[in-house]
Every structure is written in C-alpha cells, then in structure tokens.
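What you see below is based on every heavy atom in this structure, not just the backbone, and it leaves out hydrogens, waters and symmetry mates.
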Amino acid sequence: MGGSGSTRRVTFEADENENITVVKGVRLSDSVIDRMKEPSSPSGRQHRGSGAVNDEELKKRIAEELALERARRESEAQKRRLKQEQMYVRDEFGKLLERERISSNEHLTRAILRERAATEEERQKAQRLAKQVEEKERELKKHDAYYKEQLARLEERSAQFYKVTTEQYKKAADEVSARFR
C-alpha cells in the first residue's frame, strides 16, 4: 500500500452514525488518507447518509480509530506483560518454595542425624554401664565367696577350739573331782 504501487485496495465508508469503518490491523498514514479522499483515487469514496464528510472530521475519526486500535494493542501488550510477570513470579515463587523445601529437608536431616548420634551415644553409655554393673556383681560374688570361705574356716576353728576347750575343762573337772573326793 502507499507509494509502492500495491494492487491491494482498501476502501472505507461512513456508516449510519458517521463513524469510519476501518479494516482491522491496517494502519493508514495521513498521505494515504489524503490520496483516498481525492476524487481521482482508484478506490474512490462511497458516501451514505446526508453528504460528504469534511477532511478534518475524517482525520479526527481516523485518528480516533487509530487511537482506539493503539489502546487495544497496548492493552493486549500489557496483558501479555502481566501474564509474563505472573509466570515469572510463579516461577520465582516455585524456586523459593523449592529452596525452602530443600532447606527444611536439610534441617530435618541434620536433626535426624543429631538424634541418631545422641541415641547411639546413649546406647553405648548404657552398654558401658551394664558392663560396669556386671563387673561389680562379679566382684561382689568373689567377695561373698571369699568371706563365706573365711567364715567357714573361722567356724571350723572355733568348733575345734571349743572341742579342745571342752575336753580340757572335762579333764580339769575330773582331776579336781578326783582330788577332792
């Protein structure tokens, strides 16, 4: 379109409300609009309604249409940017959640390892104490056996001493009784 000799034709006309119908997605420069308004233009102008539309009003309507189109495109661009930002925020939030999950897993793993180490330490301490108790019991049994043996010897000696003493007493009593009869 424009000065390149395009064979494509674009026409526009005023509708009942004197609005301009513009083909969607087509931008027209002022020079193209001027050429379209000229009576010798190959596309010509078709009028409906009350009469011709003056140049200023036509430019104003086209400018309004272009402004509306620009606003629509900007709105779509903003929507795309918003979606991109939302995706970025969602991705960042996902990454943050992943880092938090990894961090909490690391903390949990460390806590579990600490607990396992403490449990293992307690188990080893309990084993050491159990061995010490067993050693003390063996030592006490040895002492008990030793003292029982000593007691048995003392009782045996005491019994022998009693027997000897009793025999000597009887002998002395018999001698005293034989002497004083």
Side-chain angles (χ1 to χ4, degrees), residues 1-2 4 6 8 10 17 19-29 60-181:
M1 221 185 313
S4 65
S6 172
R8 187 172 173 195
V10 177
N17 298 326
N19 290 329
I20 303 297
T21 303
V22 177
V23 178
K24 219 176 196 181
V26 176
R27 289 187 177 182
L28 301 174
S29 68
K60 182 179 176 184
R61 287 183 183 169
I62 290 174
E64 288 173 359
E65 289 290 326
L66 290 175
L68 286 174
E69 182 66 22
R70 233 181 264 123
R72 184 188 62 78
R73 286 185 187 147
E74 287 177 8
S75 173
E76 288 175 0
Q78 282 181 338
K79 285 179 186 177
R80 281 192 301 274
R81 280 193 305 273
L82 180 61
K83 282 185 181 181
Q84 288 173 346
E85 288 176 4
Q86 286 174 340
M87 291 300 291
Y88 175 76
V89 168
R90 191 175 295 133
D91 289 344
E92 288 299 313
F93 187 67
K95 289 175 186 177
L96 179 65
L97 286 176
E98 183 65 20
R99 284 193 299 264
E100 284 295 319
R101 186 186 61 79
I102 289 170
S103 176
S104 66
N105 284 344
E106 288 174 357
H107 289 303
L108 184 61
T109 302
R110 280 191 224 126
I112 289 171
L113 290 176
R114 278 193 302 265
E115 281 298 315
R116 284 182 182 167
T119 302
E120 181 63 22
E121 188 177 314
E122 287 292 321
R123 186 185 63 78
Q124 289 174 354
K125 186 177 179 181
Q127 285 179 342
R128 280 194 310 271
L129 290 175
K131 285 181 182 179
Q132 287 176 354
V133 167
E134 287 174 8
E135 284 181 31
K136 289 284 184 185
E137 284 179 359
R138 272 183 282 183
E139 206 173 297
L140 286 174
K141 284 181 183 178
K142 281 182 188 177
H143 286 283
D144 190 42
Y146 173 76
Y147 288 123
K148 281 183 180 178
E149 185 182 314
Q150 292 297 322
L151 183 63
R153 276 191 208 157
L154 286 174
E155 284 177 350
E156 187 180 323
R157 282 170 96 196
S158 177
Q160 286 176 355
F161 185 69
Y162 179 73
K163 189 177 181 184
V164 169
T165 307
T166 306
E167 285 176 8
Q168 284 179 353
Y169 177 75
K170 270 188 180 183
K171 209 181 200 186
D174 284 343
E175 277 180 21
V176 170
S177 80
R179 223 189 254 180
F180 291 108
R181 264 198 200 187

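- With contacts defined as side-chain heavy-atom distances shorter than 4.5 Å, the pair His107/Ser103 qualifies.
- If you take CD1 on Ile112 and OG1 on Thr119, they are separated by 11.5 Å, rounding to the nearest 0.5 Å.
- By the 6.0 Å contact criterion, CD on Glu121 is open, its count of non-hydrogen atoms from other residues, nucleotides or ligands being 12 or less.
- Of the listed residues (Glu137, His143, Lys142), just one forms a side chain to side chain contact (heavy atoms under 4.5 Å, CB included) with Glu139, and that residue is His143.
- Leu113 CG to Leu108 CG: the interatomic distance, rounded to the nearest 0.5 Å, is 9.5 Å.
- Contact check on Glu69 versus Arg72 returns a salt bridge, with a Lys/Arg side-chain nitrogen under 4.0 Å from an Asp/Glu carboxylate oxygen.
- Contact check for Glu134 versus Arg138: side-chain heavy atoms found under the 4.5 Å cut-off.
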Check against side-chain contact (heavy atoms from CB on, under 4.5 Å), Arg90 and Met87: CA-CA 5 Å; Arg90 191 175 295 133; Met87 291 300 291; 3.1 Å; yes
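- With rounding to the nearest 0.5 Å, the separation of CD in Glu65 from NZ in Lys60 is 13.0 Å.
- The CD atom of Gln86 lies 13.0 Å from the CZ atom of Arg81; values are rounded to the nearest 0.5 Å.
- Under a 4.0 Å N-O distance rule, the pair Asp174/Lys170 does not qualify as a salt bridge.
- We find that Arg153 and Glu149 are joined by a salt bridge, their nearest charged nitrogen and carboxylate oxygen being less than 4.0 Å apart.
- Using a 4.0 Å cut-off between charged nitrogen and carboxylate oxygen, Lys171 and Glu167 do not count as a salt-bridge pair.
- Between Glu98 and Arg101 there is a salt bridge, since a side-chain N of the basic residue sits under 4.0 Å from a carboxylate O of the acidic one.
- For Arg110, the CZ atom counts as densely surrounded, since its 6.0 Å shell holds more than 12 non-hydrogen atoms of other residues, nucleotides or ligands.
- With rounding to the nearest 0.5 Å, the separation of NZ in Lys163 from OG in Ser158 is 13.5 Å.
- Look at Glu120 and Arg123 and you find a salt bridge, because one of the NZ, NE, NH1 or NH2 atoms lies within 4.0 Å of a carboxylate O, short of that distance.
- Between Lys95 and Glu92 there is a salt bridge, with a side-chain nitrogen of the basic residue lying less than 4.0 Å from a carboxylate oxygen of the acidic one.
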Let me see the working for Thr165 and Tyr169 under side-chain contact (heavy atoms from CB on, under 4.5 Å), right down to the final yes or no. CA-CA 6 Å; Thr165 307; Tyr169 177 75; 5.5 Å; no
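- Taking OH of Tyr88 as the reference point, atom CG of Leu82 lies at 15.0 Å (rounded to 0.5 Å).
- Gln78 and Glu74 are not linked by any side-chain donor-acceptor pair at a separation below 3.5 angstrom, with hydrogens and angles left out of the test.
- A donor-acceptor pair under 3.5 Å links the side-chain atoms of Thr166 to the main chain of Tyr162, judged by distance alone.
- Every residue two or more places apart in sequence or in another chain was checked for a salt bridge (charged side-chain N to carboxylate O under 4.0 Å, His left out) with Glu135, and none qualifies.
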